[in-house]
Number of protein chains: 2
Amino acid sequence: MKKRITLKDIAQHFGVSIATVSKALKDSHEISTSTKTKIQDYAKSNHYKPNVTALNLLNKNTKTIGVIIPNIMNSFFAKVFVGIENIASEKGYHLVSCISNESYEKEVKTIDLLKHGSLDGLIISLAEETQVLQNYKHLTNTLNEGIPMVMFDRISEDIECDKIIVNDLESAFQATKHLILSGCKRVGLISVIDNLSVGKLRVEGYKKALQECDMRIEEKLIVRIHKNEDFETALKIVLADKTIDGLLCLEESSAVNALKLIKQMDYKIPEDMSIACFTNGKLLQYLSPSISAISQHGKHIGETAAKMLIDRIENETENKPYVTKIVKTSLIERDSTKKLN
Amino acid sequence: MKKRITLKDIAQHFGVSIATVSKALKDSHEISTSTKTKIQDYAKSNHYKPNVTALNLLNKNTKTIGVIIPNIMNSFFAKVFVGIENIASEKGYHLVSCISNESYEKEVKTIDLLKHGSLDGLIISLAEETQVLQNYKHLTNTLNEGIPMVMFDRISEDIECDKIIVNDLESAFQATKHLILSGCKRVGLISVIDNLSVGKLRVEGYKKALQECDMRIEEKLIVRIHKNEDFETALKIVLADKTIDGLLCLEESSAVNALKLIKQMDYKIPEDMSIACFTNGKLLQYLSPSISAISQHGKHIGETAAKMLIDRIENETENKPYVTKIVKTSLIERDSTKKLN
DNA sequence: ATGAAAGCGCTAACAG
DNA sequence: CTGTTAGCGCTTTCAT
């Protein structure tokens, strides 16, 4: 790397002290106009740029936020990331971003790498594996070391920090009710995220809706599909029961997969089967039929998370109590749950 | 932020010098075993972590790579990002990531923010606006300041650095030929990216294929739709010509949009109209019919870019000539271009 | 108006 | 074996 020009270089060039140069470049009144202009001109034409690392060392902050996301190919997380980036860049913060890839080990390693002083704060959504293991030591340690943290979506009650989530239970409740109101008599649930906190909450919301509508909760209608299991097989087993006429999928990809398979099985949608799902990805509106979905407002979540964190970083003295913000989802009704006349 | 423990703190605690502590923690042979163990134990139980900023200042590197991407919601860029992240984290580099949002100004601002010393290298794909303005001063400056850079996909010939691209021209050529071989007599082209270098190359490839097949190149079959123009209107104007029976879309979203509209116009696909497009997003395989697409192997591009950059960073002395790597795309044939019997 | 000195946290050469 | 010193690039008192 070509050596960058420093204050020292400029000082030597003019035979003045480093302090003078520093002040001159800051337009300090302590320095005579003539020295100031000659130094400023020289600095400019030689592309002097202050060394951020040195400033960080001095100021003990880095204007950098760490972002740990399970999977950027997931449209919800991508949207959150966009939101975080919006606010961060607006407020002059850098984003050091990592993809945990749902791995506990990667998450731990990443945090370890990040927190060694190069970071003012952290925004994180837990890896699936971490939620399964429920081992949060890497996070509590980070907090104990005084690094502010905001968790979103996949959080843990056991960690004391600011959080931002959606009303998962209620959203599932509403979506299920929507399916029932659109004519479904027997609604199944498909979860490939039963390991996640949000997955469990959504199941509860589903159950609550059934209860409220005086429909029986049948465990066999709740299909939990894990990583190593075959989606198609699992789906077909449930759908052997031909009275099922509605499906709540707890995330986008299982809805898309289900739609494809169900169409192949010669169901008509929504006539024979209605489908709704969580996470309003771009995909859903283009499918035939388009799929009704719960929008989690990812961008807004990201923006809020960034604001909360930056607020925490910049007002550390205040010692505000931790808050958990809840973002209300929106149900976007599409053809897959069209009411039949 | 709670104050982190430093070498100085440890030194004071034991009444030894900072240097001794530093060496002890490095398990230096210069230090007696007893001092080493007591210092190491104390450091461990007090969660001593070296201050990375101080080390960066000392070593004049940051183990940090800047990544500037036009839009993370685009599946190609998301895949590239995943690839970059893979390699970077494997080699112990952080990623400072920014989304330019296709804006020249954001790109310039970002680079300005990043390059002031907190960054060992940069990976970038140009914003659309930047490619239109063809103003690359922010990039050439960065290079002149000795910061290694790798450009991918949306590059400029005017910038001297390592690059990695796909064979856009040839890919379009092959896709067009594929449309023709599957029975199309008159192939239109839809470009919403005519501003981009890659867009222009793809048009050339399309033309080349027509020529080779002795088909006339008709400018009116080449639809260039810009940001402020209405996609639907533009598409319908071309499709007033009912003899068009094939469509090459230069990126994913226009293919998806076109499919939807064309289906609404009661075309049968692929019987009446075949469609192929660039960028193999997750969407395409789930549409009815599924759309044939050119995979640009984003993840591989990302990995390659990261490797090239890190190589450049870690072997700066060598002064290797700049290379442009070309990644070969793959055409994934799906139902939208099924050959008719 | 300018400069000397201390210090941010750490390392490394050199002394003792 | 341990300590002193200088220095990475910069800012900020405090002298002069």
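Just so it is clear: chains get the letters A, B, ... in the order the sequence lines come, proteins before strands, and each one is counted from 1. Being a predicted model, the structure only gives us computed values, none of them experimental.
Nearest heavy atoms, B:Ala24 versus B:Ile31: N-CG1, 4.0 Å. Closest non-hydrogen pair, B:Ile72 versus A:Ala78, comes out as CG2-O, 4.1 Å. Listed here is the closest heavy atom pair of B:Ile99 and B:Asn71: CG2-CA, 4.0 Å.
Each end of the helix from C:dA1-D:dT16 to C:dG16-D:dC1 yields a helix axis from five base pairs, and these two axes differ in direction by 60° (to the nearest 10 degrees).
Comparing A:Lys49 and B:Thr20 by the nucleotide of DNA chain D whose heavy atom lies nearest to each, the residue mapping closer to the 5' end is B:Thr20.
Separating the CG atom of B:Leu25 from the P atom of C:dT11 is a distance of 8 Å, rounded to the nearest angstrom. In this structure, A:Ile18 atom CD1 and D:dT12 atom P are separated by 15 Å, rounded to whole Å. Regarding B:Asn56, its CG atom lies at a distance of 15 Å from the C1' atom of D:dC10, rounded to whole Å. Regarding A:Asp9, its CG atom lies at a distance of 13 Å from the C1' atom of D:dC8, rounded to whole Å. Note: CG (B:Leu55) to P (C:dG9) measures 12 Å, nearest angstrom. Between the CG atom of B:Asn59 and the P atom of C:dG9 there is a distance of 17 Å, rounded to whole Å.
Tested against A:Thr130 for a side chain to side chain contact (heavy atoms under 4.5 Å, CB included), the candidates A:Arg154, A:His138, A:Glu102 yield a single pass: A:His138.
Listed by chain and residue number, nothing satisfies the side chain to side chain donor-acceptor pair (under 3.5 Å) test with A:Thr110 (two or more places apart in sequence, or in another chain).
Shown here is B:Lys49, whose NZ atom has more than 12 heavy atoms of other residues, nucleotides or ligands within 6.0 Å.
Residue pairs that meet the ring pair (Phe, Tyr, Trp, His ring centres under 6.0 Å) test with at least one member in residues 78-99 of chain B, sequence neighbours left out, do not exist here. For residues 43-64 of chain B, no residue pair satisfies the ring pair (Phe, Tyr, Trp, His ring centres under 6.0 Å) rule, not counting sequence neighbours.
Residue contacts for B:Phe14: at a heavy-atom cut-off of 4.0 Å it reaches no nucleic acid atom on any strand shown.
Ion pairing between A:Glu314 and A:Lys63 holds under the 4.0 Å rule for side-chain N and carboxylate O.
Within residues 27-38 of chain A, the residues that have a heavy atom under 4.0 Å from DNA chain C are, in order of number, A:His29, A:Glu30, A:Ile31, A:Ser32, A:Thr35.
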Please enumerate all protein N or O atoms sitting under 3.5 Å from an N or O of nucleotides 4-8 of chain C, with distances to 0.1 Å.
| unit_1 | atom_1 | unit_2 | atom_2 | d |
| --- | --- | --- | --- | --- |
| C:dC8 | O3' | A:Lys60 | NZ | 3.1 |

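Looking at B:Leu119 and A:Val52, their side chains never come closer than 4.5 Å, going by heavy atoms from C-beta outward.
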Evaluate the criterion side chain to side chain contact (heavy atoms under 4.5 Å, CB included) for residue pair A:Thr304 and A:Phe152; output intermediate values, then yes/no. CA-CA 10 Å; A:Thr304 310; A:Phe152 72 92; over 6 Å; no
